[in-house]
S.K.: 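One structure, as structure tokens, below. Some questions next.
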Amino acid sequence: MSKQVIDYQKLFEVSPLARLVIFQEKKDHFYVAHANQSAVNYFCPNAEGACETIDGMYLRDFLDTANTTHILQALTVCFESHVPISIQVLPKIPGHMQIQSFLLNPVKNEDDDVVLVEMQARPPATEQAAVQRERDDAISMFTTVFDVSDVGITVTDHHGRFVRVNDAFIKQTGWKAIDLMGEELIKIIPSEDHERAWGRHQDALQKRKKNFGEIRILRADQSIMNVMVTSSMMELSNGRSFRITTVVDVSELKKIERDLRRAKDEADDANKAKSAFLANMSHELRTPLNAVIGFSEMMINGTLGVIENPHYIEYLGDIKFSAQHLLQIINDVLDMSKIEAGKMPLDEENIDIVGLLRSVKRLMIARAEQFNVTLRLDTADDIPMVSLDERLVRQVFLNLLSNAVKFSKSGGEVVISIAYDDDIIVSVTDHGIGIPQERITEVLEPFGQVSDPSLNKGQGTGLGLPIAKAMMDMHGGKLAIESTKGEGTVVTCTFPKERIY
């Protein structure tokens with residue numbers, strides 16, 4: 001061991017100032033490789049539970065929470081920035097340990113990596129020297145944060161001229177520091193935004209408060225980038241004011257936002273075009289089917305002469321049934337398309353809703369008997385008139401009853417009930433196969449069918465419930481579903497009190 005090393009070790013050991021050699025085991029885990037007696041006396045003064053040495057101990061083992069957090073943060077910056085840092089250590093026990101200033105000095109290896117930090121107490125100084133040192137430390141800390149930050153930072157004076165920019169800002173924008181120093185901030189602002197930029201600067205000067213917002217700035221190649229900025233005023237001596245601004249590039253996020261908005265607009269336009277097309281095709285689609293239904297019915301009835309071959313009669317019945325089924329599907333699709341295209345206006349009048357429900361029940365009796373299901377209507381005597389489109393509301397309840405009958409068990413019962421309590425509430429209840437709770441939302445979407453095909457006792461398009469919901473929405477009402485798989489379903493339609501007369 002060389003004499004110089006021995007002399008240094010002696011100097012380290014006998015120094016009246018606390019000195020420690022600190023290694024970093026991993027992030028936020030620092031331990032003392034060696035500490036002189038002055039350091040032991042400072043951090044573990046003679047008292048009950050005092051330690052004889054702190055060698056090999058983690059800082060957390062002998063420091064209180066406040067000092068631990070403060071020192072660990074400083075050590076992390078020192079290891080990462082390779083820059084000496086000055087800190088103040090507070091008394092562990094008021095009056096027991098004096099406030100002491102320490103210098104954290106990074107020691108590097110041949111690869112310029114920080115391998116350890118020497119933490120050395122600074123000798124007492126005059127008050128003026130201490131103030132100067134604190135100022136220097138603050139400048140050093142600001143410079144370190146300014147330089148190592150991954151966020152772009154600019155400093156402008158009260159005239160709006162650049163006095164400093166960090167490396168992150170240069171990397172983001174392509175500007176060189178020499179091109180900006182002393183230049184007004186509008187050099188990096190598009191001409192159409194100059195007035196707004198000066199207004200923000202003057203606002204920051206006058207109100208002395210933090211500014212936050214999104215602006216556009218120019219890169220060195222004059223392309224535009226969208227950035228999120230946060231500005232704050234800093235007051236120095238002699239009345240000097242500086243504006244510190246952090247700059248975060250959000251150009252990519254803005255591009256994604258624009259692309260999403262464009263895609264949504266295109267999808268909306270395509271959907272409107274589809275709905276408008278289908279709505280306008282009503283006559284062209286329905287007329288041929290009505291002809292097929294009418295002529296097949298005439299042939300079955302033998303209007304122009306009896307058809308003797310029984311197979312032809314059976315085939316004509318299939319043709320008529322298929323045409324009627326196809327017409328119902330087309331009617332559902334066209335109704336949905338008209339609603340989406342906004343081409344289904346309400347023809348409103350004051351209606352006896354109880355009478356309407358009775359007529360719907362009568363229309364559904366034959367279908368209910370086909371499935372061996374009983375229909376029952378429960379109503380009170382004081383149900384008032386309601387302003388609504390009779391044809392659309394009749395369609396709502398025909399769709400709901402059709403579903404309830406179709407998915408009821410043989411011998412089951414479907415109950416239509418109506419109540420009046422501020423709003424008018426109509427419920428259709430069945431005890432059929434039900435809908436899984438997690439799929440209720442799906443059945444309210446167009447073409448959303450969630451039943452097992454083996455349980456589906458009739459064909460459908462998956463538009464009955466969505467059309468019913470859309471027609472209730474047109475009336476300002478609500479359609480809600482409560483269902484339990486295997487137990488049944490309750491569909492509730494609520495007409496708001498504004499429609500009651």
Side-chain angles (χ1 to χ4, degrees), residues 149-154 168-175 185-201 203-204 210-232 245-281 332-346 438-450 461-463 465-480:
S149 174
D150 290 330
V151 176
I153 303 175
T154 67
F169 180 81
I170 292 171
K171 192 177 298 182
Q172 285 176 355
T173 63
W175 289 102
L185 62 88
I186 58 172
K187 181 169 183 174
I188 65 167
I189 303 293
S191 57
E192 59 270 27
D193 295 341
H194 283 185
E195 184 176 348
R196 182 184 173 202
W198 277 121
R200 289 171 63 93
H201 180 72
D203 193 53
K210 183 182 292 185
N211 254 282
F212 177 81
E214 183 182 323
I215 66 169
R216 303 186 307 158
I217 66 174
L218 296 172
R219 297 185 179 93
D221 61 6
Q222 298 303 295
S223 63
I224 292 178
M225 62 186 292
N226 295 89
V227 295
M228 194 67 69
V229 298
T230 303
S231 297
S232 195
T245 304
T246 60
V247 181
V248 179
D249 186 2
V250 294
S251 299
E252 190 62 29
L253 292 177
K254 294 294 290 185
K255 180 179 181 300
I256 293 173
E257 181 183 330
R258 287 193 299 270
D259 290 345
L260 288 174
R261 188 181 298 113
R262 187 182 303 113
K264 180 182 181 300
D265 291 342
E266 291 174 355
D268 288 344
D269 290 342
N271 188 55
K272 288 177 182 177
K274 177 266 298 179
S275 298
F277 169 75
L278 289 175
N280 291 328
M281 287 294 290
D332 286 346
V333 172
L334 290 174
D335 282 343
M336 196 75 230
S337 298
K338 279 186 175 182
I339 293 171
E340 290 179 347
K343 292 189 175 183
M344 185 177 282
L346 291 178
E438 67 276 8
R439 304 191 71 180
I440 287 179
T441 302
E442 189 175 339
V443 301
L444 291 173
E445 296 295 329
F447 308 105
Q449 293 176 309
V450 298
T461 60
L463 287 173
L465 284 173
I467 288 175
K469 182 179 184 303
M471 290 178 173
M472 286 300 299
D473 290 342
M474 291 173 65
H475 285 83
K478 295 179 182 179
L479 184 148

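Sequential numbering from 1 along the given sequence is applied to the chain's residues.
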S.K.: Output, in order, the C-alpha distance, side-chain angles, deciding distance and verdict of side chain to side chain contact (heavy atoms under 4.5 Å, CB included) for K254 and E214.
M.R.: CA-CA 11 Å; K254 294 294 290 185; E214 183 182 323; 3.0 Å; yes

S.K.: Could you check whether D265 pairs with R261 (Lys NZ or Arg NE/NH1/NH2 to Asp/Glu carboxylate O, under 4.0 Å)?
M.R.: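 So D265 does not pair with R261 through a salt bridge.
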
S.K.: Would I217 and I224 count as a side chain to side chain contact (heavy atoms under 4.5 Å, CB included) if you check the C-alpha gap in whole Å, the side-chain angles of each, and the deciding distance to 0.1 Å?
M.R.: CA-CA 6 Å; I217 66 174; I224 292 178; over 6 Å; no

S.K.: Would you please test L253 and M228 for side chain to side chain contact (heavy atoms under 4.5 Å, CB included) and show each step?
M.R.: CA-CA 11 Å; L253 292 177; M228 194 67 69; over 6 Å; no

S.K.: Check whether any side-chain heavy atom of I186 sits under 4.5 Å from a side-chain heavy atom of W198, and report yes or no.
M.R.: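 When only atoms from C-beta onward are counted, W198 and I186 do touch, with a gap below 4.5 Å.
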
S.K.: State which residues pass side chain to side chain donor-acceptor pair (under 3.5 Å) with R258; sequence neighbours excluded, sorted by chain then number.
M.R.: none

S.K.: Looking only at non-hydrogen atoms, find the nearest pair between S231 and T245 and report the distance.
M.R.: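 In terms of heavy atoms, the two residues are closest at OG-OG1, 2.9 Å.
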
S.K.: Looking only at non-hydrogen atoms, find the nearest pair between K469 and L479 and report the distance.
M.R.: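 Heavy atoms only, the tightest pair is N-CD1, 3.8 Å.
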
S.K.: Could you check if a side-chain atom of V247 sits within less than 4.5 angstrom of a side-chain atom of V151, using non-hydrogen atoms only?
M.R.: no

S.K.: Do W175 and I188 pass the side chain to side chain contact (heavy atoms under 4.5 Å, CB included) test, and can you show the C-alpha distance, the side-chain angles, and the key distance before you say yes or no?
M.R.: CA-CA 9 Å; W175 289 102; I188 65 167; 3.5 Å; yes

S.K.: Can you give me the closest heavy-atom contact between P466 and V443, atom names plus distance?
M.R.: CD-O, 3.6 Å

S.K.: Testing the basics here: between Q172 and R219, what is the closest heavy-atom pair and its distance to 0.1 Å?
M.R.: O-NE, 4.2 Å

S.K.: Is R200 paired with E195 through a side-chain N to carboxylate O contact shorter than 4.0 Å?
M.R.: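 Judged by the 4.0 Å cut-off on N to carboxylate O distance, E195 and R200 do not form a salt bridge.
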
S.K.: Roughly how far apart are L346 CG and M474 CE, rounded to 0.5 Å?
M.R.: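 Interatomic distance, L346 CG to M474 CE, rounded to 0.5 Å: 4.0 Å.
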
S.K.: When you compare the side chain of I215 with that of V227, does any pair of heavy atoms fall below 4.5 Å?
M.R.: yes

S.K.: Is D221 atom CG crowded by more than 12 heavy atoms from other residues, nucleotides or ligands, each under 6.0 Å away?
M.R.: yes

S.K.: With a cut-off of 6.0 Å (strictly less than), are more than 12 heavy atoms of other residues, nucleotides or ligands near NZ of K187?
M.R.: yes

S.K.: With a 4.5 Å heavy-atom cut-off, do R216 and E192 have their side chains touching?
M.R.: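 A side-chain contact exists here, since the closest heavy-atom pair is under 4.5 Å.
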
S.K.: Any salt bridge linking E442 with R439? Criterion: basic side-chain nitrogen under 4.0 Å from a carboxylate oxygen.
M.R.: yes

S.K.: State plainly whether the residues R262 and E266 are in salt-bridge range, i.e. N to O under 4.0 Å.
M.R.: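 Answer for the salt bridge query: no.
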
S.K.: Looking only at heavy atoms, what is the nearest atom pair of S251 and N226, with distance?
M.R.: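 The answer is OG-N, 2.9 Å.
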
